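Since this is a predicted model, take the numbers as computed values, not measurements. We're numbering straight along the sequence, starting at 1.
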Amino acid sequence: MKRKFPAWLRSILYVLLFIGLTSWLLILDTPAVLAQENTVNYTLSDLRYRDFAHQDLHGTSFAGAEMQGANFQGANLSGTILTKGSFLQADLSNANLAEAFADRVIFNKANLTNAIFRDAMLASSRFFEAEITGADFSGAIVDPYQVKLMCDRADGINPVTGVSTRESLGCR
């Protein structure tokens, strides 16, 4: 003998089941990287010639920002979003840009001496006349044409990671 529930009780059970499953899925699908508290969003900002030397800017967004001549010497830019930013003639020496999302970024004439770009996304980014001595590009995604150009002037060993610039770019 089959037991039948009233229609209104079935509706309530279905709603509770839906809410429970939705809550459970939201908990399981929480993004691995959550926005950090107290980080400043510099998206589309004019930051020309600003001084960010030795600052912890981990996880900050500089997407579309203009940073010509800015000083990021020794700054922690790991995990930052730099999409379409411009670091023309900027000083990024000794900066940590590990795991940065830096697609379509202009690093032309920038000082990247001893910078760390490990596992960074650098697709469609440009490095014309950038100083790359000691920079570590291990695991970074860089356009083959840019790698070819950088290999012509790649030199040095990164003092933090101990990896040569030529090796990190896969130069032959």
Ignoring hydrogens, what is the shortest heavy-atom contact between [X] and [Y]? Give both atom names and the distance.
| X | Y | answer |
| --- | --- | --- |
| Leu112 | Ala135 | O-CB, 3.6 Å |
| Leu169 | Ala154 | CD1-CB, 4.1 Å |
| Ala65 | Met67 | O-CE, 3.5 Å |
| Asp155 | Thr165 | O-OG1, 3.2 Å |
| Val142 | Met150 | CG1-CE, 3.8 Å |

Without swapping roles, check the side chain of [X] against the backbone of [Y] for a donor-acceptor pair under 3.5 Å.
| X | Y | value |
| --- | --- | --- |
| Arg153 | Ala130 | yes |
| Gln146 | Lys148 | no |
| Ser168 | Phe137 | yes |
| His58 | Ser78 | yes |

As an exercise, state the distance from [atom1] of [X] to [atom2] of [Y], rounded to the nearest 0.5 Å.
| X | Y | atom1 | atom2 | answer |
| --- | --- | --- | --- | --- |
| Ile141 | Phe117 | CD1 | CZ | 14.5 Å |
| Ser86 | Glu66 | OG | CD | 4.0 Å |
| Ile116 | Glu99 | CD1 | CD | 12.0 Å |
| Asp91 | Tyr49 | CG | OH | 13.0 Å |
| Leu88 | Arg126 | CG | CZ | 10.0 Å |
| Leu97 | Met121 | CG | CE | 14.5 Å |

Do Leu77 and Leu92 come within less than 4.5 Å of each other through their side chains, counting heavy atoms only? yes
Taking side chain as C-beta onward, heavy atoms only, is Thr60 less than 4.5 Å from Tyr42?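 Thr60 vs Tyr42: side chains touch.
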Should the ring pair Phe52 and Phe72 be called parallel, tilted or perpendicular, given that the plane angle runs from 0 to 90° and is split at 30 and 60?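 Parallel.
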Could you tell me how the ring of Phe107 sits relative to the ring of Phe127: parallel (under 30°), tilted (30 to 60°) or perpendicular (over 60°)? parallel
Is there a chain of hydrophobic side chains (I, L, V, M, F, W, Y, each step under 4.5 Å between heavy atoms) that links [X] to [Y]?
| X | Y | result |
| --- | --- | --- |
| Val40 | Ile81 | no |
| Leu57 | Val105 | yes |
| Leu47 | Leu82 | yes |

Dump the intermediate steps for side chain to side chain contact (heavy atoms under 4.5 Å, CB included) on Phe87 and Ile106, then the final yes or no. CA-CA 6 Å; Phe87 287 97; Ile106 298 169; over 6 Å; no
Worked check of side chain to side chain contact (heavy atoms under 4.5 Å, CB included) between Asp143 and Val147: CA-CA 6 Å; Asp143 291 348; Val147 170; over 6 Å; no
Could you go step by step and tell me if Ser93 and Asn114 meet the side chain to side chain contact (heavy atoms under 4.5 Å, CB included) rule? CA-CA 6 Å; Ser93 58; Asn114 299 327; over 6 Å; no
So, Thr133 and Glu131: side-chain donor and acceptor under 3.5 Å apart, yes or no?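 The answer is yes; a qualifying pair exists.
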Looking only at the side chains, is there a donor atom on one of Thr83 and Asp103 sitting less than 3.5 Å from an acceptor on the other? yes
Starting from the C-alpha separation in whole Å, work towards a yes-or-no answer on side chain to side chain contact (heavy atoms under 4.5 Å, CB included) for Lys109 and Phe128. CA-CA 6 Å; Lys109 298 183 180 180; Phe128 299 115; over 6 Å; no
